[in-house]
**Q** 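Encoded as structure tokens, here's the structure I'll be asking about.
Chain A is the first sequence line, chain B the second, and so forth, proteins listed ahead of strands; every chain is numbered from 1.
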Amino acid sequence: NAGVTQTPKFQVLKTGQSMTLQCAQDMNHNSMYWYRQDPGMGLRLIYYSASEGTTDKGEVPNGYNVSRLNKREFSLRLESAAPSQTSVYFCASTPVTMNTEAFFGQGTRLTVV
Amino acid sequence: EDQVTQSPEALRLQEGESSSLNCSYTVSGLRGLFWYRQDPGKGPEFLFTLYSAGEEKEKERLKATLTKKESFLHITAPKPEDSATYLCAVQAPSGGSYIPTFGRGTSLIVHP
């Protein structure tokens, strides 16, 4: 049972380049999330998808777009990367949005130069 | 202003030296408080969920408690393998959603 799988694990981008971070879960969860984690800032929610076909902004959505491709997959896109988007990105999933533990992927370490 | 505040930011203990980590929150209508453990280079891993004041949960050397304003994660006789960052998250109504808000974490190092 793989749980939540993120690709890639590491990425270096030049300012202005675009890329998509992929996330897939095999637990049949309804809800999926994208967080970024910066030193001293904790986990901050970028976007989430409460269920297939819906997406909503989190605390720090600017500069990002998301797609809930199907129930299993939730991707995060950076259209024009900026150095301020250098961070570790985590995807997570929960059965539903209420009162349930989250399962996290291993993270993607992104550096924008 | 942070809704979830964890203290201390960092804690160094000797093996066997018991201590507590604190998570204080200011949200209204708490639906759940979660504790996670995060090892370097990995994603957070779930430890406990607490729902109401007075509730306690235990797992090996860890015990989590909850009051109306804060939660404590008590670590009894810690071992070096307990070294990790411990994250707290609270779930409460916010703008029509119930997405948990995370604290900044406490980095724990246990020396042998």
Side-chain angles (χ1 to χ4, degrees), chain A residues 2-7 9-10 21 23-25 27 29-51 54-61 66 74 87-110, chain B residues 1-10 21-25 27 29-52 55 57 59 62 64 66 84-107:
Chain A
V4 178
T5 302
Q6 291 181 235
T7 55
K9 287 186 170 56
F10 301 94
L21 280 62
C23 174
Q25 52 90 11
M27 297 171 284
H29 286 174
N30 287 308
S31 305
M32 299 184 73
Y33 313 78
W34 277 105
Y35 291 91
R36 61 178 288 173
Q37 187 174 42
D38 302 293
M41 295 297 295
L43 282 164
R44 292 184 292 171
L45 183 66
I46 305 171
Y47 271 93
Y48 69 99
S49 171
S51 60
T54 69
T55 60
D56 285 286
K57 295 178 181 179
E59 180 186 357
V60 289
V66 291
F74 189 39
S87 187
V88 181
Y89 292 84
F90 288 100
C91 177
S93 71
T94 58
V96 292
T97 56
M98 282 283 289
N99 296 349
T100 60
E101 64 183 271
F103 293 80
F104 285 83
Q106 294 282 53
T108 295
R109 185 173 294 274
L110 175 67
Chain B
E1 182 178 331
D2 286 355
Q3 294 180 311
V4 185
T5 303
Q6 291 190 246
S7 62
E9 289 185 15
L21 283 56
N22 177 264
C23 172
S24 63
Y25 58 92
V27 300
L30 182 74
R31 293 290 189 270
L33 186 141
F34 305 86
W35 282 99
Y36 291 85
R37 169 190 171 126
Q38 185 175 22
D39 292 302
K42 296 190 175 183
E45 184 178 330
F46 172 78
L47 291 172
F48 304 108
T49 307
L50 302 167
Y51 295 106
S52 57
E55 189 175 1
K57 288 194 177 174
K59 180 179 181 181
L62 300 177
L66 181 64
T85 295
Y86 290 86
L87 299 171
C88 164
V90 298
Q91 188 170 42
S94 176
S97 75
Y98 293 83
I99 307 303
T101 299
F102 281 83
R104 301 186 184 196
T106 292
S107 174

**Q** Among all residues two or more places apart in sequence or in another chain, which pass the side chain to side chain donor-acceptor pair (under 3.5 Å) test with B:Thr85?
**A**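 Residues passing side chain to side chain donor-acceptor pair (under 3.5 Å) with B:Thr85: none at all.
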**Q** Quick check for you: to the nearest 0.5 Å, what is the distance between B:Gln91 atom CD and A:Thr100 atom OG1?
**A**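 Rounded to the nearest 0.5 Å, the CD-OG1 separation comes to 7.0 Å.
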**Q** Using heavy-atom distances under 4.5 Å, tell me whether A:Leu43 contacts chain B through its side chain, its backbone, both, or neither.
**A**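 For A:Leu43, heavy atoms of backbone and side chain both lie under 4.5 Å from chain B.
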**Q** Using the test side chain to side chain donor-acceptor pair (under 3.5 Å), find all partners of A:Tyr47 that sit at least two apart in sequence or belong to another chain.
**A**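 With sequence neighbours excluded, A:Tyr47 shows a side chain to side chain donor-acceptor pair (under 3.5 Å) to no residue whatsoever.
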**Q** Take atom CD of B:Glu55 as the centre, draw a 6.0 Å sphere, and report whether it contains more than 12 heavy atoms from other residues, nucleotides or ligands.
**A**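 More than 12 heavy atoms, drawn from other residues, nucleotides or ligands, come within 6.0 Å of this atom.
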**Q** Compare all side-chain heavy atoms of A:Phe104 with those of B:Phe46 and state whether any distance is below 4.5 angstrom.
**A**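 No, too far: nothing below the 4.5 Å cut-off.
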**Q** Only pairs of heavy atoms separated by less than 4.5 Å count here; which of B:Pro44, B:Gly43, B:Gly41, B:Gly105 has the most with chain A?
**A**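 Greatest number of close heavy-atom pairs with chain A: B:Pro44.
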**Q** Side-chain contact, heavy-atom cut-off 4.5 Å: B:Lys42 with A:Phe90?
**A**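 Result no, sub-4.5 Å side-chain heavy-atom pair not found.
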**Q** For atom CZ of B:Arg37, decide whether the heavy atoms of other residues, nucleotides or ligands shown that lie under 6.0 angstrom number more than 12.
**A**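 Count over threshold, so yes.
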**Q** Please look at B:Phe48 and chain A and tell me whether the side chain, the backbone, both or neither of the residue comes under 4.5 angstrom of a heavy atom of that chain.
**A**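 Answer is neither: B:Phe48 stays 4.5 Å or more from chain A.
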**Q** In terms of heavy-atom proximity below 4.5 Å to chain B, should A:Tyr33 be classed as side chain, backbone, both, or neither?
**A**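 For A:Tyr33, the side chain is the part near chain B, not the backbone.
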**Q** Side chain, backbone, both or neither: which part of A:Gln6 has a non-hydrogen atom closer than 4.5 Å to chain B?
**A**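 Looking at A:Gln6, nothing touches chain B.
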**Q** Find the distance between CD (A:Glu59) and CD1 (B:Ile99) and round it off to the nearest 0.5 Å.
**A**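 CD1 of B:Ile99 is found 12.5 Å from CD of A:Glu59.
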**Q** At a heavy-atom separation under 4.5 Å, does A:Ala102 approach chain B through its side chain, its backbone, both, or neither?
**A**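 For A:Ala102, the contact with chain B is made by backbone and side chain together.
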**Q** Determine the option with the most heavy-atom pairs under 4.5 angstrom with chain A, choosing from B:Gln38, B:Glu9, B:Gln6.
**A**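 Among B:Gln38, B:Glu9, B:Gln6, the one with the most close pairs to chain A is B:Gln38.
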**Q** Verify, without hydrogens or angle tests, whether B:Arg104 (side chain) and A:Gly40 (backbone) share a donor-acceptor contact under 3.5 angstrom.
**A**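 Side chain of B:Arg104 to backbone of A:Gly40, a donor-acceptor pair under 3.5 Å: yes, one is there.
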